[in-house]
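Right, one structure below, let's go through it.
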Amino acid sequence: MSIGLSEQEIIRRESLQELRNLGIDPYPAETFNVNVTAEDIKQNYERDKLSYKDVRIAGRIMTRRIMGSASFAEIQDATGRIQLYIMRDEICKGEDKTLYNTVFKKLLDIGDFIGIQGYVFTTKTGEISIHVNEMKILSKSLKPLPVVKRDEEGNVFDGFTDPELRYRQRYVDLTVNPEIRDIFIKRTKVIQTMRNYFDSNGWMEVETPVLQQVHGGAAARPFKTHHNTLDMPLFLRIANELYLKRLIVAGFEGVYEFGKMFRNEGMDRTHNPEFTSMEIYVAYKDYIWMMQMVEECLEKVALATNGKTKVQVGTNEIEFAGPYEKLSMFDSIKKYTGIDVSKMNEQELTDTCKSLNIEVDDTMGKGKLVDAIFGDRVEANLIQPTFITDYPIEMTPLAKKHRTEEGLVERFELFVNGKEIANAYSELNDPIDQRERFEDQLKLAARGDDEAMAMDDDFLRALEYGMPPTSGLGIGIDRLVMMMTNQSTIQEVLFFPQMRPEKKVKMDASEDFIEKGIPAEWVPVIQKMGILTLEDLKAANPNKVFNDLGGMRKKMKLEIAMPAKEQVMAWFE
RNA sequence: GAUUCCGUAGCUCAGCCGGUAGAGCAUAACACUUUUAAUGUUGGGGUCCUGGGUUCGAGUCCCAGCGGGAUCACCA
């Protein structure tokens, strides 16, 4: 990593200046109207050639093949790439050939944005191309893009693949790796499809607070912040469930929200500190109704993103068309371990965990113990979409008690490819029951369960006014998108995944060095020598610096006068 | 958090037993009017992540740190 500009960056800055010297603005202000896209030309030119006699298109130069007085280049717009054919005597009609010989051949680079006008034709080798009549620079690029080469079979040669660089400089990743762009186009399709489906049912998209005084609705550690005017702590939401239910109390009969949630916990390939969830609440429905709604919704999502209901995820082919298998939590444990835990008390469950080599500690109540067995022995087996239903009441403080089964609640989670992607309840609307459940959570918290839910008095007050029977559903959008795009890490479906900060090299301004008596033309030289701050200079050996200056002068072939030794010594006083 | 691997040119990567730092692409110069991983000839480009140690000598060996990947653990 060099500290200053690389050779290529310096050359591009010089080209920028030369363009200005020629009277060409490298960053023009005015609109450049386009009337076609690369994709449009490729798809429709063959059957409607007359419509492409006068096209205007803009994009980034991605490749150039210069062959004397004619050249080929590819530009890339939002839809893809298209080849340009540029003839010197076509873009320079008169005697002055500067635009071709100097501007195009020497001063333009890969990565620059240009706009062109011309007509579409097919080359001798069968490539649909644009014969360029006019060319205009729209924006000069000063940093060289990685050049990724592909052959006819789609083999990638010098791929831009380092995950760190790809995530930190996602703009470069998306520019040079078109398949990454497709992931995000599908992500948007997932959300659009769900939104259209909900809207078509008359449910309303809403927004609820991100900054909350009580972080409720889920079990997780929050991010804490502070409001200056009110001088009080606030939390970034870990869930929006309790606010959406307040809206059902208020009389809306179907509300949903796509939104960011924030959880101050570990980061790995399925967890990012901020992630997107979709929660929906529909009045007068129960969790059985919700299951068929989820089946219908996910089938539409699979069709929209993959064109079919079967989606390849890793080595598994997942069928998203319903109906999905339904299994109660206890039955699923019986199916995969042979053990019936349904009638066990806390001690028996603890013993069962131990016999299965599952770690336990004494903060764990019945709910957590059952969940531990399920997570360890069942989850990974649930490849095809499977509803796991009827959870122990201790695990689920916001769901309604089961209509027939004692000790259970009306809840399901949807598992696909061994991962949970949705969670739904017949929502608890009995305010007295809800208060007791919160109190049970407080007891768990007192035992040391730092994920137990906090009491929310205003939410209880809302329930006391009355909430209709309601079913609610939450879906982790990032994980759903991972499935639909066959990605194994959450970073690949987030434009800007959270990263540790980049290390910044500390560097004092050139003026600081000049003030110290160092001639301006020598400042880049001592910076190149690794002396980046006045402190570095202070720590350096004056004799060595003087000697190295001579060495650098020779090495960099500088035509500048060597300072006298006394002058150099003065820098250190 | 644990284990492990990685960090060398703008990008992708070689670099053996410790002895003057390499390739392809990109870039610069010349040639070339249908190329498409264009081609041919020639040239330039390096804080080998940072800091210590061993050594006559470290990209290479040792220690520490920083950043990243993978696996595991944690995680509604």
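All chains are named by letter (A, B, ...) in the order of the sequence lines, taking the proteins before the strands, and each is independently numbered beginning at 1. As the structure is a computational prediction, the values presented were derived from the model and not from experiment. Excluded from the calculations below are hydrogen atoms, water molecules and symmetry mates; all remaining heavy atoms, backbone and side chain alike, are included.
A/Phe121 comes within 4.0 angstrom of a nucleotide base, judged by non-hydrogen atoms across all strands. Contacts of A/Gly159 with the nucleic acid, taken as non-hydrogen atoms under 4.0 Å apart, involve only primed sugar atoms and P, OP1 or OP2.
For A/Thr123 and B/rU35, a side-chain-to-base donor-acceptor distance below 3.5 Å is present, hydrogens and geometry of angles not being considered. At a cut-off of 3.5 angstrom, the base of B/rG67 holds no donor-acceptor pair with the side chain of A/Glu164. In terms of polar N and O atoms assigned as donor or acceptor, the side chain of A/Tyr85 comes within less than 3.5 Å of the base of B/rU33 in a complementary pairing. Between the side chain of A/Gln8 and the base of B/rG10, a donor-acceptor pair under 3.5 Å is found. For A/Gln83 and B/rU35, a side-chain-to-base donor-acceptor distance below 3.5 Å is present, hydrogens and geometry of angles not being considered. Contact annotation: side chain of A/Asp162 to base of B/rC11, donor-acceptor pair absent below 3.5 Å.
Contacts classified as salt bridge (Lys or Arg N to Asp or Glu O under 4.0 Å) and involving residues 367-381 of chain A (residues at least two apart or in different chains) are given here: A/Lys368-A/Asp449, A/Lys368-A/Glu451.
Across all strands shown, nothing is found opposite B/rC48 as a Watson-Crick or G-U wobble partner with both distances under 3.5 Å. B/rU39: Watson-Crick or G-U partner is B/rA31, with both key distances under 3.5 Å. Nucleotide B/rG22: paired with B/rC13 (Watson-Crick or G-U wobble, both distances less than 3.5 Å). Both distances falling under 3.5 Å, in either a Watson-Crick or a G-U wobble arrangement, place B/rA2 opposite B/rU71.
Comparing the C1' positions of B/rC6 and B/rG40 gives a spacing of 38 Å, expressed to the nearest Å. Across the C1' atoms, B/rA23 and B/rU27 are found 16 Å apart, a figure rounded to whole Å. Nucleotides B/rU60 and B/rA73 are separated by 35 Å at their C1' atoms, to the nearest Å. Nucleotides B/rU41 and B/rG24 have their P atoms positioned 11 Å apart, rounded to a whole Å. When the C1' atom is compared between B/rG68 and B/rA21, the two are found 25 Å apart, to the nearest whole Å. The separation of B/rA9 from B/rC48, taken at their P atoms, amounts to 10 Å, rounded to a whole angstrom. Taking the P atoms as reference points, B/rC62 lies 11 Å from B/rC5, given to the whole Å. Between B/rA31 and B/rU35, the distance separating the two C1' atoms is 16 Å to the nearest Å.
A ring-centre distance under 6.0 Å is found for A/Phe415 and A/Phe374.
Applying the 4.0 Å criterion to OP1 and OP2 of B/rA70, one finds that A/Arg269 has every side-chain N and O outside that range. Phosphate contact (OP1/OP2 of B/rU27, side-chain N/O of A/Arg12, threshold under 4.0 Å): absent. Put simply, A/Lys106 has a side-chain N or O that comes within less than 4.0 Å of OP1 or OP2 on B/rC30. Neither OP1 nor OP2 of B/rG45 sits under 4.0 Å from any side-chain N or O of A/Ser6.
In this structure, A/Glu9 places its CD atom 16 Å from C1' of B/rG44, rounding to the nearest Å. When rounded to the nearest whole Å, the span between CG of A/Asp109 and C1' of B/rA28 equals 11 Å. Summarising the geometry, the separation between CE on A/Met267 and P on B/rA2 is reported as 17 Å, rounded to the nearest angstrom. What separates CG of A/Asp376 from P of B/rC74 is a distance of 8 Å, to the nearest Å. Rounded to whole Å, the distance from CD on A/Gln491 to P on B/rG68 is 11 Å.
We find that A/Arg437 and A/Asp440 are not joined by a salt bridge, their nearest charged nitrogen and carboxylate oxygen being 4.0 Å or further apart. Ion pairing between A/Glu127 and A/Lys124 fails under the 4.0 Å rule for side-chain N and carboxylate O. In this structure, A/Arg166 pairs ionically with A/Glu492, as a charged nitrogen and a carboxylate oxygen lie closer than 4.0 Å.
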Are there any protein N/O atoms within less than 3.5 Å of an N/O atom in nucleotides 38-40 of chain B, and if so, which ones and at what distance?
residue, atom, partner, partner atom, Å
B/rA38, OP1, A/Lys149, NZ, 2.4
B/rA38, OP2, A/Arg65, NH1, 3.2
B/rA38, N6, A/Ile66, O, 3.0

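Under the 90° criterion around 0 for the glycosidic angle, B/rC62 counts as anti.
Mapped onto RNA chain B by nearest heavy atom, A/Ser69 and A/Thr161 fall at different nucleotides, with A/Thr161 at the one closer to the 5' end.
Judged by distance alone, with hydrogens and angles left aside, the side-chain atoms of A/Asp478 form no donor-acceptor pair with the main-chain N or O of A/Phe275 at under 3.5 Å. Between the side chain of A/Thr386 and the main chain of A/Leu382, no donor-acceptor pair closer than 3.5 Å is present.
A/Phe104 carries A/Arg64 over the face of its six-membered ring, with the cationic atom under 6.0 Å from the centre and within 45° of the normal.
A/Gln43 meets the side chain to side chain contact (heavy atoms under 4.5 Å, CB included) test with A/Glu39; sequence neighbours excluded.
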